[in-house]
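The chains referred to below are lettered A, B, ... by the order of the sequence lines, with proteins before strands, and numbering in each begins at 1.
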2 protein chains.
Amino acid sequence: MAGAKLVDVAREAGVHVGTVSRALNPATRSRVNAETAARIIEVARRLGYEVNIAGRALRTQRTQTIGALIPDLANPLFPRIVRGVEDSLEKAGYTALITSTDNNAQRERRMIAALLSRQVDGFLIASARLEDQALEELLQNGVPVVVLNRTSANARTSAVIADDPQGIADAMAHLVALGHERIAHVAGPGDTSTGQVRLQAFEAALDRYGLQRRSELVVCAEAYTIAAGTRCTRDLFNRGKPFTAVVAGNDLLALGVIDALKENRIPCPERVSVVGFNDIDFAERMSPALTTVRVPTYELGARGADLLLDMIYREREISTVTLPVTLMIRESTAPPPLPGTGLFGL
Amino acid sequence: MAGAKLVDVAREAGVHVGTVSRALNPATRSRVNAETAARIIEVARRLGYEVNIAGRALRTQRTQTIGALIPDLANPLFPRIVRGVEDSLEKAGYTALITSTDNNAQRERRMIAALLSRQVDGFLIASARLEDQALEELLQNGVPVVVLNRTSANARTSAVIADDPQGIADAMAHLVALGHERIAHVAGPGDTSTGQVRLQAFEAALDRYGLQRRSELVVCAEAYTIAAGTRCTRDLFNRGKPFTAVVAGNDLLALGVIDALKENRIPCPERVSVVGFNDIDFAERMSPALTTVRVPTYELGARGADLLLDMIYREREISTVTLPVTLMIRESTAPPPLPGTGLFGL
DNA sequence: CTTGGAGATGCTATCGTTTGCATCATGGCT
DNA sequence: AGCCATGATGCAAACGATAGCATCTCCAAG
């Protein structure tokens, strides 16, 4: 297990090492006599031969390994994506080097350097920012890259994303149908595509339903975290403008919003409704169970990996795949309180 | 970025490639003239030289990469552990190849083969079973291995684990102090050390408090999942023996228990208390907030990685590190119902 | 009988890095 | 002045796999 090499197999099978290499590689197997190939394969199996990827990589410039940059593995959104990635890669004999970037640009650069050093064949980047210099450099150097979940301002990159505008539109339709008119938005970071796109979709929905855009009811989080959601909501309170619902940039922000409501003993959904985004694991078990937009995360990862493999092997042109979303209505949304009983005496 | 090699740096610095290699490696730097070294380093920086790990690996038999086998990334326990692993490894210039095994022995073998093929320097295994043939083979071949969170029946492996007996003891003390006497246990899979150890600790606690061991109140889950927890609890109901509290083998099982209670409109904690294990993220936000035993997951991963690096570099003898746990008392535990009002008219 | 083509396999350079050994210069010491 | 220890650097052989090219065998067609 720990070490038969091509030369060992060759000696044992009584053939030259080159023949063994050809016999063991399905793509070149046709070039060697069928019986010989069968014998070689049998010997290889018996000796427990496993190709040494380092040796192969040196010669072929392919490591059959890709690098995956994940902003935060503790966000349940990402393990699901990773799982999709793994499954797609495994079919092709690929493996992923997964690293957390913490949304830290410096750490991201270090990680990219470490991955390049390991000669990864391509990158899956779920941590892209709109203006992402590291991503820019990778593209400039012709490294295959697929961006997941988010996009970059740079149009030259392939991406797999969810239909964010549709998700926000569905959420807004739901809230409007319940009777909400004063809807706030705790937006994701402005340097991410998801933050911007969802904010735009939010404003578009306001227009569509003839609701007024109020800048006091929009606050932008500095990160996709629970703590940031809480801070933003406190900020919203301090502005003193009444609202009966909050559309959060993602589920963690939504949980933060709910924390802030609890702090102020404002019942959710009785006095304020909250909608999240992504439908992370456990969202339905929270208290209250979170109304949110489900994103097909596993598929997102799987499609992303497929796209990347395509780029590596077929130098395919860039493309963007958009996956459909579904609004999951649970307990965190309800009709607004009657006038006079609402927040700030609304 | 995508490609200066030693020979490029050598040419540019007007020196031999061997000298460059020595100058760039801190361990051999003393063997080259200080000024020359400084010049070489400067040239390397300017050209954006990054060592080609494949080339180095071929020569040194070290890939500076380790393999991490995780049973289920979607269990929030594991991303935390992984994060600790990453941080420890990064300090040493190492990277982890992370793979999910799904508790599937066949998949695990495939993954191990893929990782061995990539010449990983060692393994971190969080998915060990008590009788784990793949693990056995790795040890036999002298591959450095550290087992995380669980142990194996095989004593020859280093491990970092939580103080499971203490955790269960604390949980039992808490329940007994609340007045519970009929306590059930939904144990983890019998082929995992955590399943067995926690079960034993559960029974030891029964003895300690003079409570009767009742085999009808112990049921063993086939996996650490929510669904398994639910199935086990239904099973418990079918046996018809009354109980007022359940100690679950881990948090996912506990969530499954709570689901089964809800199914039967049995309020938790009013009529049945539930305790989990691990304190996964979001446990405190569940409904009800889960009383559970906190395991220092980040540290568990970090220590495990340190231990593994030690084994790789210093061939240290095997050792086991046990980390302390803390009982987190939340909303899923309460005094038992008064006699006559309890389950099955207890 | 010769020739040529096809199929099978051997030979060998190569990928980028490391490292034991050889070489060379310098300068101190006898 | 001659010698040697020392420090600095060059040289070249690996590590394991791949692939272009060469070689060889065999058989069919001319």
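Listed pair Gln119(A) / dC15(C) fails the phosphate criterion, with no side-chain N or O lying under 4.0 Å from OP1 or OP2. Between Arg56(B) and the phosphate of dT18(C), there is a side-chain N or O to OP1/OP2 separation shorter than 4.0 Å. Contact check, Thr36(A) against dT9(C): a side-chain N or O comes under 4.0 Å of OP1 or OP2. For dA14(D), the OP1/OP2 oxygens have no side-chain nitrogen or oxygen of Arg59(B) closer than 4.0 Å.
Distance Asn25(A) CG to dA8(C) C1': 17 Å, rounded to the nearest Å. Rounded to an integer number of Å, the gap from CZ of Arg118(B) to C1' of dA17(D) is 15 Å. Distance CG (Asn52(A)) to P (dA14(D)): 18 Å, rounded to an integer number of Å. Atom-to-atom, CG of Leu58(A) to P of dA13(C) comes out at 17 Å; the value is rounded to the nearest Å. Distance CG (Leu6(A)) to P (dT14(C)): 20 Å, rounded to an integer number of Å. The nearest whole Å value for the distance from the CZ atom in Arg62(B) to the C1' atom in dG16(C) is 19 Å. Going from atom CD1 of Ile53(B) over to atom C1' of dC15(D) covers 15 Å, rounded to whole Å. Per the geometry, CD belonging to Glu50(A) stands 14 Å off C1' belonging to dG16(D), to the nearest Å.
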Could you walk me through whether Lys91(B) and Asp87(B) pass the salt bridge (charged side-chain N to carboxylate O under 4.0 Å, His left out) test, one step at a time? CA-CA 7 Å; Lys91(B) 287 181 209 141; Asp87(B) 284 356; over 6 Å; no
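For the atom pair Glu299(A) CD and Ile81(A) CD1, the distance stands at 12.0 Å (nearest 0.5 Å). Note: Leu124(B) CG to Ile70(B) CD1 = 8.0 Å, rounded to the nearest 0.5 Å.
In the region residues 11-24 of chain B, proximity to DNA chain C at under 4.0 angstrom, judged on heavy atoms, holds for Gly18(B), Ser21(B), Arg22(B).
In terms of heavy atoms, Ala134(A) sits closest to Glu108(A) at CB-OE2, 4.0 Å. Here the shortest heavy-atom pairing between Ile318(A) and Ser158(A) reads CA-OG, 3.1 Å.
Of the N and O atoms on the side chains of Arg118(B) and Thr65(A), at least one donor lies less than 3.5 Å from an acceptor on the other residue. Side chains of Ser100(A) and Glu86(B): a donor-acceptor N/O pair is present below 3.5 angstrom, by distance only. Using modelled atom types, one finds no donor on one side chain facing an acceptor on the other under 3.5 Å when comparing Tyr94(A) with Ser88(A).
Nearest-nucleotide positions on DNA chain D for Gln61(B) and Asn33(B) put Asn33(B) closer to the 5' end.
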Tabulate atom names and distances for all N/O pairs under 3.5 angstrom spanning the protein and nucleotides 24-27 of chain D.
none

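Using a 4.5 Å heavy-atom threshold, the side chains of Phe123(A) and Leu116(A) count as touching.
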